[in-house]
Structures are given as structure tokens and as C-alpha cells.
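When a ligand or atom number is given, it counts from 1 through the structure's own listing order.
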Amino acid sequence: MLSSHPELFVISAPSGAGKSTLIKKILSDNEDFDLSISATTRMPRVGEENGVHYHFISEQEFVSLIDEDAFVEHAQVHNHRYGTLKSHIQNKLEEGKNIILDIDVQGFKQIKSSGVKNISIFILPPSFSELVERLQRRKSDSKEAIERRLENAKKEVAFYDQYDFVIINDDVTRAYNALKEVIFSKKLNTDVNLIEKILLDMLS
Ligand code: ADP
Ligand code: 5GP
């Protein structure tokens, strides 16, 4: 059943912490959740499809979208540009879907200061050495790209306390259960229709 009060969830984490793994599980278990598909100037990785994982666009196309004010937020991350499309978010929320934004700390700060209502979650790896191992095991980035991501990770974790919730992704099942608790407790709290119905009933 689709939610009558769809929510916007912002999830950030240093690259390699396991954010995509956890988001994928939420999406496959819950039909009323959808992922915002960002635009990026980075090249697709093996197995990534245009329009599914990202809208892969050129630098020129990205700049045109900025000029058209098409982004809710956009940022330069690990030497590439990434942005969340306003139209995409609006369509999904109108369809009644809860939407997950997988964005970096800079993007979250822009969402926060724009006043767009959201629930924010920061995913932490259990340690720096485990983060290094996960990035190496994933085999999706060059040595230089991994080093850049690790440097960035050190800056990003300093912002964890700006988020509503922090989840440590040590064991993936435990972290997934924690994420579900956050998401569903929020949804329960915001079932305004039901709350209003009960209030009407109690006060009549
Ligand atoms: P991110 O999206 O945050 O960059 P990924 O979800 O791609 O990270 O995870 C990075 C790597 O770590 C992947 O190979 C993934 O399978 C693995 N991974 C994710 N969570 C865990 C975990 N709790 N324990 C061990 N490995 C994990
Ligand atoms: P990756 O290249 O590994 O897919 O993503 C790199 C980083 O860019 C991740 O931290 C991811 O959350 C972030 N990112 C992806 N899309 C967006 C976006 O639209 N806006 C911002 N600000 N960051 C994004």
C-alpha cells in the first residue's frame, strides 16, 4: 500500500560504508520506497545503467541544468558532479512514494538549509580499516579513486551530528534492522490521517 504522507529520507555515508547495500534492501523489501536517481558527470561503472543507477550526463548538460534551476541540490564529489533533480522528487512524492536521497554531506547541507522537510540518516563504518577493506574488496575504483574517497571520508564523518540518526554498519543485518526501525518509526509517527481520525473519534 502506498503511503498517504510520503517522506523524504536523506542517507549519507563515506563511500564504502555500505549505504548502497542497505538502500537496495529497503527498496527490494518495500514497494512504496523509491530511490532518487541523480544526474552525474562520472562515467558508469561496470553493470551501471543510464536512467537506472544515474542519469549519466556531460559537464555541459550538467551546467545547463544548473542554469535552468533544475536541481534541489548539487555538489562536486570525488572530482565529479552530482545533482538531485527537482522534477524527479516531485513526481515520486506525488505518486505517494517515500523517496530516498543517496547524497553526500554537501548536498544534505543544501537540503537542510533550503527548508525541505526530510529525515536524515548517516551511516558509519565500524572502523577506518574496515572502510579501506570494503573499498578494496568492492573492486569498483582505482587505487587513486580509493585514496580520494578515503580522504573525503575523513572530512565527511565530522558532520555525522548534523543528521537526525546515525547507524553503524558493522553487521549488515543489524544495521538493516536499525535502518528499518528509523524509517518505520518515523512513518508511524507521521500517519497524520490515522492520528486525526482517532482524535476526531475521541473528541466527538
Ligand atoms: P557505499 O554505497 O556506501 O559506497 P557499498 O554498499 O557499495 O558502499 O558497500 C561497499 C562494500 O562493502 C561492498 O562490497 C559491500 O558488499 C560491502 N559491505 C556492505 N556492508 C557490509 C557489512 N556490514 N559488512 C561487510 N561488508 C559490507
Ligand atoms: P558514487 O560515485 O560512489 O556513486 O557516489 C559518490 C558519492 O556521491 C556518494 O557519497 C553519493 O552519496 C554521492 N551522490 C550521489 N548522488 C548525489 C547527488 O545527487 N547529490 C550529491 N550531493 N551527492 C550525490
Side-chain angles (χ1 to χ4, degrees), residues 8-28 35-57 62 65-66 70-89 92 99-114 116 118 120-142 144-146 148-157 159-160 162-163 166-179:
L8 186 73
F9 294 90
V10 176
I11 306 187
S12 303
S15 180
K19 180 177 38 147
S20 312
T21 305
L22 294 170
I23 292 175
K24 236 181 263 165
K25 279 173 84 64
I26 289 285
L27 296 175
S28 69
L35 184 65
S36 164
I37 301 168
S38 299
T40 183
T41 58
R42 123 161 129 62
M43 294 297 285
R45 294 188 186 125
V46 176
E48 283 184 333
E49 278 178 59
N50 191 28
V52 177
H53 298 91
Y54 282 103
H55 298 289
F56 295 100
I57 61 174
F62 202 98
L65 287 170
I66 296 175
F71 291 120
V72 187
E73 63 72 36
H74 63 90
Q76 175 106 4
V77 192
H78 314 134
N79 283 1
H80 303 289
R81 301 234 215 188
Y82 296 81
T84 304
L85 292 159
K86 281 183 187 167
S87 55
H88 191 79
I89 304 286
K92 292 293 168 195
I99 191 145
I100 298 179
L101 262 54
D102 169 348
I103 61 173
D104 87 319
V105 169
Q106 303 170 75
F108 167 61
K109 285 194 213 159
Q110 292 171 43
I111 298 269
K112 204 173 175 179
S113 57
S114 72
V116 173
N118 70 92
S120 57
I121 303 153
F122 194 87
I123 314 276
L124 266 179
S127 65
F128 188 68
S129 59
E130 175 64 18
L131 185 67
V132 178
E133 276 181 34
R134 285 185 193 172
L135 282 172
Q136 288 169 344
R137 247 185 281 138
R138 189 168 69 180
K139 293 189 167 68
S140 61
D141 300 287
S142 65
E144 295 70 39
I146 289 181
R148 204 159 45 231
R149 280 163 192 264
L150 290 171
E151 277 313 303
N152 229 26
K154 291 184 180 178
K155 294 181 199 143
E156 287 176 325
V157 292
F159 291 96
Y160 81 91
Q162 305 279 310
Y163 288 71
V166 181
I167 293 174
I168 300 169
N169 180 19
D170 40 13
D171 171 73
V172 78
T173 307
R174 199 205 61 78
Y176 180 55
N177 286 336
L179 183 59

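- Protein residues with a heavy atom closer than 4.0 Å to ligand 1 are P14, S15, G16, A17, G18, K19, S20, T21, E130, R134, R137, R138, N169, D170, D171, V172, listed by chain and number.
- With no hydrogens or angles considered, a side-chain donor-acceptor pair links S140 and R138 at under 3.5 Å.
- The minimum heavy-atom distance linking S114 with I111 is given by the pair OG-O, 2.7 Å.
- Paired with I167 under the rule side-chain contact (heavy atoms from CB on, under 4.5 Å), one option of I121, I11, L124 passes, and it is I121.
- A 4.5 Å side-chain heavy-atom check between F71 and L85 finds at least one atom pair inside the cut-off.
- A distance limit of 4.0 angstrom between heavy atoms and ligand 2 selects the residues K19, S38, R42, R45, Y54, E73, A75, V77, H78, Y82, G83, T84, D102, I103, D104, G107, R149.
- Using a 4.5 Å heavy-atom threshold, the side chains of V132 and L135 count as separate.
- Annotation: cation-pi pair K112/Y163 absent, no NZ/CZ under 6.0 Å from the ring centroid and within 45° of its normal.
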### Query
K155 and E151: salt bridge (charged side-chain N to carboxylate O under 4.0 Å, His left out), yes or no, with the steps?
CA-CA 7 Å; K155 294 181 199 143; E151 277 313 303; 5.9 Å; no
### Task
Show your reasoning for whether side chain to side chain donor-acceptor pair (under 3.5 Å) applies to S15 and R149.
CA-CA 6 Å; S15 180; R149 280 163 192 264; 2.8 Å; yes
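- Atom CD of E156 and atom CZ of F122 lie 6.0 Å apart (nearest 0.5 Å).
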